[in-house]
Amino acid sequence: MFDDILINFGLNVSEYHIRPFGSGLINYTYKVSGINQSYILQQINAAVFKQPDYIDSNLTLIKEYLDKHNPGYLFVAPLKGKTGKSIIYAGDKFYRLFPFIEGSHTVNFLQDTREAYSAAVQFGRFTRLLNNFDISKLEYTLPDFHNLKLRFTQFEQALKTAKSEKLEQAAKEVKAAHDHINILHTYNLFTTDSEIPRRVIHHDTKINNVLFDKEQNALCLVDLDTVMPGYYLSDVGDMMRTYLSPANEEEKDLDKITARTDFFRAIYKGYMSEMGTILTETEKQYFIFSGKMMIYMQGLRFLTDFLNNDVYYGAQYEGHNLIRAKNQFKLLEAYIDGEPIFKEIIAGVDKELLATTNNI
Ligand code: GN1
Ligand code: MG
């Protein structure tokens with residue numbers, strides 16, 4: 001089966017070696033190593049991405065646009081096979097192949113704030129460079145992906161169908177989900193506000209979706225399946241969710257989960273250095289809210305999946321998704337505690353950014 005795929009890309013099968021690569025929850029990834037050039041092969045989870053062709057058409061349009069307007073920008077689009085499409089159907093599954101960027105590596109844990117800053121610059125730059133791109137040309141590869149209203153409805157649905165034993169085990173987290181319902185109310189407010197436009201958004205900004213060079217500078221973004229129109233809050237919020245805590249979403253020891261304010265600063269400064277002049281004043285007012293929205297949403301999604309017997313995320317051990325939900329609700333508390341400091345940081349960085357703009 002792998003052979004068919006490589007042949008479709010005009011590669012000589014005997015010259016390559018294939019092994020599993022990376023740690024995503026949804027798609028399977030492999031590295032295809034060759035002597036001169038290596039590739040990343042990814043199987044698309046068709047149960048999640050119901051229209052894999054949409055990924056192909058979005059990335060083709062964006063690549064054409066960037067090649068024309070910003071030819072120096074490194075956009076790692078999937079390669080086109082002999083069929084002229086980047087999505088290859090083999091052995092009942094969908095695949096695509098990317099060039100491997102030599103000298104690059106991914107990180108799973110942030111070592112210092114420079115990485116957070118550098119990644120935030122990359123995500124901000126991506127949306128900035130596509131600011132004049134006509135988003136009506138893009139498809140929704142995952143409709144309602146970050147629709148908090150829908151995620152809450154799915155959670156309520158799961159409450160109705162879950163086994164009583166699971167409801168008991170998750171009682172504390174179910175309460176937390178209800179206690180923070182104001183996050184959903186705020187979400188409903190901004191989604192009906194015309195001052196909050198949809199933009200070209202990555203929708204999965206965790207740190208291992210950024211390729212770094214040896215000096216820990218971010219080179220480019222990967223995992224582009226969820227690139228589609230959305231709110232900038234999705235990208236900023238998921239950086240908050242995944243960069244602020246020294247322990248990630250898999251951590252069972254909740255005491256290790258904290259919201260590091262210096263990492264908040266790095267994200268704000270990095271993202272705003274690109275998007276500061278583009279975001280509307282109304283959008284900017286929701287900057288801190290973005291973290292609450294994404295942490296809460298991920299808590300709800302893990303909790304819902306626990307109640308639904310792990311049908312979406314799968315589980316490596318009994319109660320895995322409940323632990324992940326506990327983790328996210330703990331992070332939400334830590335984030336909310338940090339809010340007064342985040343406000344001070346924003347005011348301070350705004351002054352700094354203003355001073356640099358005035359000096360030019
Ligand atoms: C999934 O597959 P991966 O790990 O890139 C999920 C994200 C979640 C993340 C949580 C399509 O991303 O939304 O934030 O797991 N992607 C999809 O780890 O559901
Ligand atoms: Mg992803």
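Whatever order the structure lists them in is the order used to number ligands and atoms, beginning at 1. Since the structure is predicted, the reported quantities are computational estimates derived from the model, not experimental observations.
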Taking non-hydrogen atoms only, is E250 closer than 4.0 angstrom to ligand 1 via side chain, backbone, both or neither?
neither
Per-atom contacts of ligand 1 with Y312, taking only distances under 4.0 Å to non-hydrogen atoms
11 (C), 17 (C), 19 (O)
Apply side-chain contact (heavy atoms from CB on, under 4.5 Å) to N131 and list each qualifying residue two or more places apart in sequence or on a separate chain.
R199, I278
Ligand 1-proximal atoms of H203, by part, heavy-atom distance under 4.0 Å
neither
For Y271 and Y232, take the angle between the two ring planes, folded into 0 to 90°, and tell me which bin it lands in: parallel under 30, tilted 30 to 60, perpendicular over 60.
parallel
Below 3.5 Å, N or O to N or O, backbone or side chain included: is there any such pair between Y313 and ligand 1?
no
Proximity to ligand 1 by part of D225, non-hydrogen separation under 4.0 Å
neither
Electrostatic pair E333-K330, nearest N-O below 4.0 angstrom:
no
Counting both backbone and side chain atoms, is some N or O of T226 under 3.5 Å from an N or O of ligand 1?
no
Determine whether the aromatic ring centres of residues Y89 and F94 are separated by less than 6.0 angstrom.
yes
Atoms in ligand 1 with a heavy atom of E249 nearer than 4.0 Å:
10 (C), 18 (O)
Please indicate whether any nitrogen or oxygen in D204 is less than 3.5 Å from any nitrogen or oxygen in ligand 1.
yes
Partners meeting side-chain contact (heavy atoms from CB on, under 4.5 Å) with D56 (sequence neighbours left out)
T60, K80, K85, S86, I87
If you round to the nearest 0.5 Å, how far is CG of L59 from CZ of R96?
7.5 Å
Which is closest to atom 8 (C) of ligand 1 in terms of heavy atoms, Q298, Q328, R324?
Q298
Only one of E156, R151, Q157 forms a side chain to side chain donor-acceptor pair (under 3.5 Å) with Q154, so which one is it?
R151
Nitrogen or oxygen atoms of R241 and ligand 1 under 3.5 Å apart:
yes
Is it the side chain, the backbone, both or neither of D223 that has a heavy atom closer than 4.0 Å to ligand 1?
side chain
For the pair R265 and E352, find out whether any cationic side-chain nitrogen is under 4.0 Å from an anionic carboxylate oxygen.
yes
In terms of ring plane angle, is the pair Y95 and F2 parallel, tilted or perpendicular, where the classes change at 30° and 60°?
perpendicular
Distance filter under 4.0 Å to L142 heavy atoms, resulting ligand 1 atoms:
11 (C)
Judging by distance only, is a nitrogen or oxygen of K206 under 3.5 angstrom from one on ligand 1?
yes
